[in-house]
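Right, one structure below, let's go through it.
The shown structure was predicted, so the numbers you read here are calculated from the model rather than taken from an experiment. Chain letters run A, B, ... following the sequence lines, proteins first and then strands; every chain starts at 1.
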There are 2 protein chains.
Amino acid sequence: MILKSQVEWALHCCAILAGLPAGRYLSTKALAEFHGLPKEYLSKALQSLSQAGLVDTSLGPSGGYRLRVPASELTFLDIVEAVEGKGKSFVCNNIRANNPCRPQGFCESHPCAIARIMWEADEAWRVRLRAVRIADLIAMLGEEIPPDVWKKTADWVLKRAG
Amino acid sequence: MILKSQVEWALHCCAILAGLPAGRYLSTKALAEFHGLPKEYLSKALQSLSQAGLVDTSLGPSGGYRLRVPASELTFLDIVEAVEGKGKSFVCNNIRANNPCRPQGFCESHPCAIARIMWEADEAWRVRLRAVRIADLIAMLGEEIPPDVWKKTADWVLKRAG
DNA sequence: GGGCACATACTCGGATAGTTCCTGTCCGAGTCTTCTTGG
DNA sequence: CCAAGAAGACTCGGACAGGAACTATCCGAGTATGTGCCC
């Protein structure tokens, strides 16, 4: 069980997009260069965000992506689910139904006890990710990153933003 | 991000093994027949449990597997990690280091903020799985399963146990 | 000088190969059981 | 009747193919920009 690298890329890209002035867009090319990633493949992650309705897109020169959901409302879970899907990490195939001792059609009403436990853990994971918003991440980064580096980065992005 | 079906199989098998009298073994063949699973592939999951030190093995006729760790101490996390590995679900490739505005060798001391958040959610998932023991599962099943079915199942297992 | 039409270049989006990991299968080394044989 | 020995059958463990999913790449449809021309 391992999350695909697209999740990491999507989170970093959203952090960058959050620092964009209102109404401006940033292209896949700029985001790829900034993070040192393959442009063509990174676009897949951004497409996932677009299909999930988390970002807006614009075509043509000076086009690209921008956040559609405000950073103060956009949660980590939104981004993770946009890339990984909303499915649970544990799928129950109900193999208990093969128990040769069970009467036919038994144990079909409520789910398997093992699945319930696994799903509770899965939900705990989601609750934790739902509690963190991109705005919180920006605040954390603001405390960690020296002001000059922060400023230079903002300028770099602004120069590339259309 | 989806757990492999081996996790489900391993959990169900441990539940069955927990009902085994002390000193008795249950073979892969019996476990596979009980759950309606391919014997050869199920053995891989049991091998993982064996390599993790969770079960004991015995060869020859009337051989098989039995729990090595008491059901009251064996947690869901032990079993999940035995099959899936102990690695975190989120791997950080530190792509922030490619930021063209950062000075060389910067941000190498403590991990990326995004990774820290993802790892906290991962830890919440593990905490939840660590809190549930196989003995708890047996107690839950005891409340759900009718006594006659429970008895028949126990007899079936006992008849197959070596 | 201002407005309009056009060519241009850049964007996203989906369709297309390559590689890794999970799934499924097979066979061999080792051991416990059981049967046979001898005392 | 009991004990010892050997044959047999069953077990786990690791080595070997097949398929799905992730990774990586390419090209086309569409649009905003910038330029040149006309008024």
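- Closest to the A:Tyr41 side chain, of the nucleotides D:dG13, D:dA24, D:dA15, is D:dA24.
- Toward the 5' end of DNA chain C, the nearer of the two residues A:Ser50 and B:Trp9, judged by each one's closest nucleotide, is A:Ser50.
- Salt bridge A:Glu40/A:Lys29: absent, no basic N to carboxylate O contact under 4.0 Å.
- The ring of A:Phe34 has its center closer than 6.0 angstrom to the ring center of A:Trp156.
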Sugar-phosphate means primed atoms, P, OP1 and OP2; the rest is base. With that split, encode nucleotides 4-9 of chain C 5' to 3' as B, S or - using protein heavy atoms under 4.0 Å.
-> ------

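- Closest to the side chain of B:Lys4, from the set D:dT33, C:dA15, C:dC22, is C:dC22.
- Rounded to whole angstrom, the span from the CZ atom of B:Arg66 across to the P atom of D:dT11 amounts to 17 Å.
- The CD-P distance, from B:Glu8 to C:dT23, rounds to 11 Å in whole Å.
- By the salt bridge (Lys or Arg N to Asp or Glu O under 4.0 Å) test, A:Lys151 is found to be paired with A:Asp155, residues two or more places apart in sequence or in another chain being considered.
- B:Asn98 and B:Arg96 share no donor-acceptor pair across their side chains, judged by distance under 3.5 Å alone.
- Judged by distance alone, the side chains of B:Thr153 and A:Asn99 do bring a donor and an acceptor atom under 3.5 Å apart.
- Looking at heavy-atom distances under 4.0 Å, A:Thr57 makes contact with sugar-phosphate atoms alone, never a base.
- The side chain of B:Gln6 approaches C:dT23 more closely than any other nucleotide in the set C:dA15, C:dC12, C:dT23.
- Summarising the geometry, the separation between CD on B:Glu40 and C1' on C:dT25 is reported as 7 Å, rounded to the nearest angstrom.
- A salt bridge between A:Glu123 and A:Lys88 is absent, with no side-chain N of the basic residue lying under 4.0 Å from a carboxylate O of the acidic one.
- Between the OH atom of A:Tyr65 and the P atom of D:dT31 there is a distance of 16 Å, given to the nearest Å.
- Relative to the side chain of B:Ser62, the nucleotides D:dT23, D:dC27, C:dC32 differ in distance, and C:dC32 lies closest.
- What separates NZ of A:Lys44 from C1' of D:dC22 is a distance of 10 Å, to the nearest Å.
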Step by step, work out the side chain to side chain contact (heavy atoms under 4.5 Å, CB included) result for A:Asn93 and B:Glu8.
-> CA-CA 8 Å; A:Asn93 295 108; B:Glu8 182 184 12; 3.0 Å; yes

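- Contact annotation for A:Ser27: backbone-only contact, meaning every heavy-atom pair under 4.0 Å involves sugar-phosphate atoms and none involves a base.
- Distance, B:Gln47 CD to D:dT11 P: 15 Å, rounded to whole Å.
- Look at CG on B:Leu26: it is 10 Å from P on D:dT11, rounded to the nearest Å.
- Nearest approach of A:Ala52 to A:Ala82, heavy atoms of both residues: CB-CB, 3.6 Å.
- A residue-by-residue look at B:Gly64 and A:Pro38 shows that B:Gly64 has its nearest nucleotide of DNA chain D further toward the 5' end.
- Nucleic acid contact class of B:Glu84 (heavy atoms, under 4.0 Å, all strands): none.
- At C:dG14, one or more side-chain N or O atoms of A:Gln51 fall inside 4.0 Å of OP1 or OP2 (strictly under the cut-off).
- As rounded to whole Å, 9 Å separates atom P of C:dG24 from atom CG of B:Leu37.
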